[in-house]
Student: 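Dumping the structure here so I can ask a few things about it.
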Amino acid sequence: MEAFQLLSRGGARFHKQRFKSDVQLFTHAVTKPEKSVNAPVNQDSTLPPELDFFKYAQGGRAKRKAGNTDPSSSSAPSRPDVRSKRRKTNHETEDFDGNEDDGDDAPEGDALRERVRVTAKGSNVPPPIEVFDDLLDRFKIPHRLMSNLMDNHYKYPTGRRDLAAISPTGTGKTLSYLFPIMSLLGAPISSLKGTEGSGVRAILLAPTRELAHQIYNECLKLAVRRKWRVVLYSKATASTLRDKNARDKVDIVISTPLRLVASIQEGNLDLNNVRHLVLDEADRLLDSEFLAQVQEVISACTHPEIQKAVFSATLPAGAEQLAMGILRNPIRIVVGLKDTPLPLISQTVTYVADDASKLPSLLTYFAQPYNPPLLIFTSTQPRATSLAEELTLNGIANVDCLHAGMTKKERDDAVSRMRRGESWVMVSTEVMARGMDFKGVREVINYDFPTSVQSYIHRIGRTGRAGRDGKAVTYFTDEDAPYLKSIANVLLQSGSSVPDWILKLPKPSKLKKKQMGKIKRAETVNAARKIGRNDAIKKR
DNA sequence: AAAAAAC
């Protein structure tokens, strides 16, 4: 399977004239690299602003610890300061390796990858493309697909290669797998007269219904004016596909894992013709609650030529190991730095003492002018519901709520209101944390402290998308103290500043964390007793 | 370390 790389995607507005001049600039910079060596020009200035996801990176990137766990850095003889690496050209890097070449023999694409901070590993990694037109030269891209892409205002390709792709939030991962898949499938199965077997050829998995739906919408945009059958898998669509003839006309299925597993077990779905399997938000799909389901889907995909790909902005070591076990001879691509948010997002943390002080703080915030729409995260469903009610009672306009305890219709309606710009304040749980792309969101508030670094990175990644900047505020209480430092490190790595005293916090020992847990539990039990909820105690 | 999400 031919693999290729996309480099970056632009936002919603598209001016053909501007696009042209940007492309010329871009190409110029690549064909004459020696100029950029001598000239003290920041190479990044040749990037169109939408593409420069790291434009505010100066401060923070250098602070990343030398001993970071990113394996992509291990090939360097010593770890140079990130800031100087950023200005370093391909030539300089080679001198560093003792290579006397003037760079002309460097593997094609290395300079480009360096400039856009993409690292690629694996055998026979094809050179990246830098504009979509390069695809036409190197691959057989159906014309309709290409023109549908242009009609949808995609400006630049983004980092992608089949198999393991790690790229920050809002950098265009969805397109980077949809486009190659649709291109490689070539034509809808209904027009192929059996040459490609029968049955669905691509499965896209996502951890939430909302995300699956969003991927579906993106997919439909690329399928305009072609007879693709793209199915957003649900109870309803599953039942229309009980008939094998109907099933054989389907090209792409987008689903959450459990829905798919249910159909497989009922014998109402066969995945033996699947050529492309994508795990979006892979680390989430590979964590313990989803793992068995995902493995069942994978083992149902029996076609020998299947290409599997995992995508996420975060991939902790455990998840990566699982992923590597699933993938065959994978290429691993990292855009920017793994497990690090974009410097486009300016992050702050706010001390609020205890839970009771959170609402007053938030209301103070709302007393000042703010930039809707706003996304607020809470730790539980009831807290999301009650905070939304509380805000409405306090006169905040157009407050909405979304969590998985609501009905499908309620959830769908909430997302549509958000998409139409009718929600100004959306209070939500982890459901909204990953993948969701609401273009206008300029600010995220973590009302409740996130339960992991990954959760933090994904939550704040709802803003700062497609090259726009964003703001993220995180409330923390005394109880959150043991986890504060790990989040503070994330802020530092991505260019936001952190008060000194937080950095001086001792690294919490496992014992201390345990004690905090016990205190928390005791408090909860006491609170439950007070309101006579003994059932709540038993549950725990 | 822990809630949420998946049917």
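Since the structure is predicted, the reported quantities are computational estimates derived from the model, not experimental observations.
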Student: Rounded to whole angstroms, how far apart are NZ on A:K408 and P on B:dA6?
Tutor: 11 Å
Student: Expressed as a whole number of angstroms, how long is the span from A:H213:NE2 to B:dA6:C1'?
Tutor: 17 Å
Student: According to the interplanar angle, ranging from 0 to 90°, do the rings of A:F476 and A:F449 count as parallel (below 30°), tilted (30 to 60°) or perpendicular (above 60°)?
Tutor: perpendicular
Student: Could you check which residues of residues 377-386 of chain A get a heavy atom under 4.0 Å from DNA chain B? Sort them by number, please.
Tutor: A:S379, A:T380, A:Q381
Student: Reckon A:S455 touches a base, only the sugar-phosphate, or nothing at all at heavy-atom distances under 4.0 Å?
Tutor: nothing
Student: In chain order, what residues pass the side chain to side chain contact (heavy atoms under 4.5 Å, CB included) check against A:R465, with sequence neighbours excluded?
Tutor: A:T169, A:D437, A:R462
Student: A:R275 and A:N273: side-chain donor and acceptor closer than 3.5 Å?
Tutor: yes
Student: Going by the side chain to side chain contact (heavy atoms under 4.5 Å, CB included) test, name the single residue among A:L375, A:L374, A:D400, A:V399 that passes it with A:S423.
Tutor: A:D400
Student: Grab the CG-C1' distance between A:L279 and B:dA5 for me, whole Å please.
Tutor: 16 Å
Student: Can you measure A:E266 atom CD to B:dC7 atom C1' for me and round it to whole angstrom units?
Tutor: 10 Å
Student: Will you find, in the side chains of A:T237 and A:S234, an N or O donor that is under 3.5 Å from an N or O acceptor?
Tutor: yes
Student: Please work out if A:P207 contacts a base, only the sugar-phosphate, or nothing of the nucleic acid, heavy-atom cut-off 4.0 Å.
Tutor: sugar-phosphate
Student: What residues form a side-chain hydrogen bond (donor to acceptor under 3.5 Å, both in side chains) with A:E390, not counting sequence neighbours?
Tutor: none
Student: According to side chain to side chain contact (heavy atoms under 4.5 Å, CB included), who are the partners of A:P372, at least two apart in sequence or on a separate chain?
Tutor: A:Y370, A:W424
Student: Enumerate the residue pairs fulfilling side chain to side chain donor-acceptor pair (under 3.5 Å) with a member in residues 343-354 of chain A, sequence neighbours excluded, ordered by first and then second residue.
Tutor: A:Q347-A:Y456, A:Q347-A:S494, A:Y351-A:D478, A:D354-A:S357
Student: Without decimals, in angstroms, what is the distance between A:E479 CD and B:dA3 P?
Tutor: 12 Å
Student: Heavy-atom contacts under 4.0 Å between residues 281-293 of chain A and DNA chain B, which residues?
Tutor: A:R284, A:E289, A:F290, A:Q293
Student: Whole-Å distance between B:dA4 P and A:Y456 OH?
Tutor: 21 Å
Student: Would you mind reading off the distance between A:L260 atom CG and B:dA5 atom P, rounded to a whole angstrom?
Tutor: 20 Å
Student: So do A:R201 and A:H276 actually touch side chain to side chain, heavy atoms under 4.5 Å?
Tutor: no
Student: With heavy atoms under 4.0 Å as the rule, sort A:R411 into base, sugar-phosphate or nothing.
Tutor: sugar-phosphate
